[in-house]
Number of protein chains: 2
Amino acid sequence: MSATIYDVAREAGVSMATVSRVVNGNPNVKPTTRKKVSEAIKRLGYRPNAVARGLASKKTTTVGVIIPDISSVYFSELARGIEDIATMYKYNIILCNSDQNKDKEIHLIQTLLGKQVDGIVFMGGKIDPEHIEEFKQSNVPFVLASTVDEQHEIPSVNIDYEQAVFEVISKLIESGNQHVGFINGPVDVPINGKYKLNGYKAALKSHHIPFEETLVTEGDYTYESGKEATSQFLSQEIKPTAIFVDSDEMAIGAIHEIQDEGLKVPEDIEVVSSENTRLVQMVRPTLTSIAEPTYDIGAVAMRLLTKLMNNEKVESITVVLPHRIDERKSTK
Amino acid sequence: MSATIYDVAREAGVSMATVSRVVNGNPNVKPTTRKKVSEAIKRLGYRPNAVARGLASKKTTTVGVIIPDISSVYFSELARGIEDIATMYKYNIILCNSDQNKDKEIHLIQTLLGKQVDGIVFMGGKIDPEHIEEFKQSNVPFVLASTVDEQHEIPSVNIDYEQAVFEVISKLIESGNQHVGFINGPVDVPINGKYKLNGYKAALKSHHIPFEETLVTEGDYTYESGKEATSQFLSQEIKPTAIFVDSDEMAIGAIHEIQDEGLKVPEDIEVVSSENTRLVQMVRPTLTSIAEPTYDIGAVAMRLLTKLMNNEKVESITVVLPHRIDERKSTK
DNA sequence: CTGAAAGCGCTAACAT
DNA sequence: ATGTTAGCGCTTTCAG
């Protein structure tokens, strides 16, 4: 067995309260006794038991992170942002994959709360009343990262997806494209089905271009689905001369499908993507993309959570990070 | 405050011991009392406090995962394998990025042990005596994933890197390449500097080809470093006609550099990669690669850890998973 | 089948 | 500046 605070106290000839004080850096300890205790600690190889500490103090310095899929490039960059800031503030993270499945999500929240995490960063698709209920019932703060709560009740960190898509589509139209295709992500998640789609429609409208049902489709973020959607576009009567794709992986699929059909990007068809992961550099032509600050979304979300856990004042519960559009070789 | 086991006991008119039994599925409870307790639990919205349970039982059902960088495609796939199996066995994981920095690694181990994790999956570069010391001092099991301990003292899950590289290089030689380049990962990690390099040299030797210093170089796994290393190769007197690259991202860099120089893959230069992540499908030509079962390494490592935590018998402490070579369009 | 009671290792008043 | 003393919420003998 490893040494306990009691062993250290005995070894150093002081009470456990004093040991606790030096372990926790409490200044009310005479330097000489501090030294005595420190030596006893070293001699015994004492390491504080965080579980006991958590039970007594009701703080675990651990936060829960619920993420759809850590093996996705996009989410793993987000996760890295979260973890870096967590580390900076001395928190550890319990990482859970939800696969965007609501039952799993609810179950994970329960498990994490049972483990007494001090807060939770949640990434998911659709937030519905059942989620909100869980968030509110719990007595620890939640922050949504890259996930929107349409009611703006829950703290969240995002970019303005609608605006970003509006800009991209407008640019494409203004540079002469009358038929702009849109390969969206699953539309049951509001970011896609609502905000991004709205941005797309708004851009068309403001340029007096009629909305064409067949130019909008849905993929599942895989390379293959991007390829298939593009294949469908190319076989239609109304073919797009530019395609906006909701993920880098799908966008690479789109480019390859276009090239496989003997067409050129961007000469024949322009392609714009939406995540700006490292992948954009790894395809020829390199991908123009909405530059979503993925890492930063995670980092800012975690930072916001630390404030909430600390009962610090926060200016705004809903933070919207700026985005850019990084132009590369897949557009003219 | 949320309800405690004591509240439930009172509500149900039983002792806390009985509540504990029903919560833990102990069969020694009369069905009627079980029912009474279950109802009280539901009524009060009772949720067991895992921290208290952990303190009393000395088990946290949480394992630590130390990983170089979760945002890397390779490691995030490994992590997903770990997490899936952990979930299957009712464990949660505390995920920590080490950046392959030894001081951080040691510090993380300390932190995780302080949090009383039941076991640790460790991924890193070089395992040296200081690590081994930590592993042995602790009283919880460790498993190395995709990380070799040259002494075979610590349980680990890997593929046979030396053999895999031997096969790849042999194939390349046998199909007519006299000059095979090798862009390795950082050689201070034994998997690269020792095993993979040995495999490379052994293949040359068995085909009576002299080792050529300038055909072996080192990258840092980034796209850019793959491109640079290749550029260097192409400017040399002795140019490779085939290149084996230690990561998909670097391999894509290599392909692009070759193409940017007006050469063709595989006609002028063949390229083989080594991770077989999803990236291999996302480049043209698609990448021939050593198929390392990344997800499985994580999954098997976690499974091994569960056995160790459970004091189950394990056939072998050192598991070597099979690998394949998946041929695609970047080789003839 | 159920209850009583003693901790698990630590923090946090409250004393001194 | 240091010690005493309750718990924190649960598991786990040990009785009965």
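The figures here come from the full heavy-atom set of this structure, side chains too, leaving out hydrogens, waters and symmetry mates. Naming convention: chains lettered A, B, ... in sequence-line order (proteins, then strands); numbering from 1 in each chain. Because the structure is predicted, anything quoted here is derived from the model rather than measured.
- Checked against side-chain contact (heavy atoms from CB on, under 4.5 Å), B:Glu130 has the following partners two or more places apart in sequence or in another chain: B:Lys102, B:Ile106, B:Asp128.
- Here A:Lys126 does not pair with A:Asp149 in a salt bridge; the nearest charged N to carboxylate O distance is not below 4.0 Å.
- Atom pair B:Asn26:CG and D:dT12:C1' shows a separation of 11 Å (rounding to whole Å applied).
- Put simply, the side chain of A:Lys194 does not reach to within 4.5 Å of the side chain of A:Val189, judged on heavy atoms.
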### Query
What string of B, S and - do you get for nucleotides 10-16 of chain C, 5' to 3', if B is base contact, S is sugar-phosphate-only contact and - is no contact with any protein heavy atom under 4.0 Å?
BBB----
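- Phosphate proximity of D:dT2 to A:Ser15: absent, as no side-chain N or O sits under 4.0 Å from OP1 or OP2.
- Whole-Å rounding puts the B:Leu113 CG to C:dG9 P distance at 15 Å.
- By the side-chain contact (heavy atoms from CB on, under 4.5 Å) test, A:Asn26 is found to be paired with A:Arg21, A:Asn28, residues two or more places apart in sequence or in another chain being considered.
- The side chain of B:Lys58 places an N or O atom within less than 4.0 Å of a non-bridging phosphate oxygen (OP1 or OP2) of C:dG9.
- Judged as a side-chain hydrogen bond (donor to acceptor under 3.5 Å, both in side chains), and not counting sequence neighbours, the contacts of A:Glu292 are A:Tyr74, A:Tyr161.
- At the heavy-atom level, B:Val51 lies nowhere under 4.0 Å from the strands shown.
- Rounded to whole Å, atom P of D:dA1 lies 18 Å from atom NZ of A:Lys35.
- Taking the six-membered ring where tryptophan is involved, the planes of B:Phe142 and B:Phe135 are tilted, since the angle between them lies from 30° to 60°.
- If you take CG of A:Asp7 and C1' of C:dC8, they are 13 Å apart, rounded to a whole angstrom.
- Rounded to whole angstrom, the span from the CZ atom of A:Arg34 across to the C1' atom of D:dT2 amounts to 13 Å.
- Neither side chain, A:Gln100 nor A:Glu105, offers a donor N or O lying under 3.5 Å from an acceptor on the other.
- Atom P of nucleotide D:dG9 and atom NZ of A:Lys115 are separated by 18 Å, given to the nearest angstrom.
- In this structure B:Arg47 satisfies the salt bridge (Lys or Arg N to Asp or Glu O under 4.0 Å) test with no other residue, sequence neighbours excluded.
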### Query
Can B:Ile94 and B:Asn92 be said to form a side-chain contact (heavy atoms from CB on, under 4.5 Å), step by step?
CA-CA 7 Å; B:Ile94 296 184; B:Asn92 288 110; over 6 Å; no
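- Taking atom CG of residue B:Asn28 and atom P of nucleotide C:dG3, one finds them 13 Å apart after rounding to whole Å.
- Counting to the nearest Å, the P atom of C:dA6 and the CG atom of B:Leu55 are 17 Å from each other.
- Stem list for DNA chain D (at least 3 consecutive Watson-Crick or G-U pairs, distances under 3.5 Å): C:1-16 with D:1-16.
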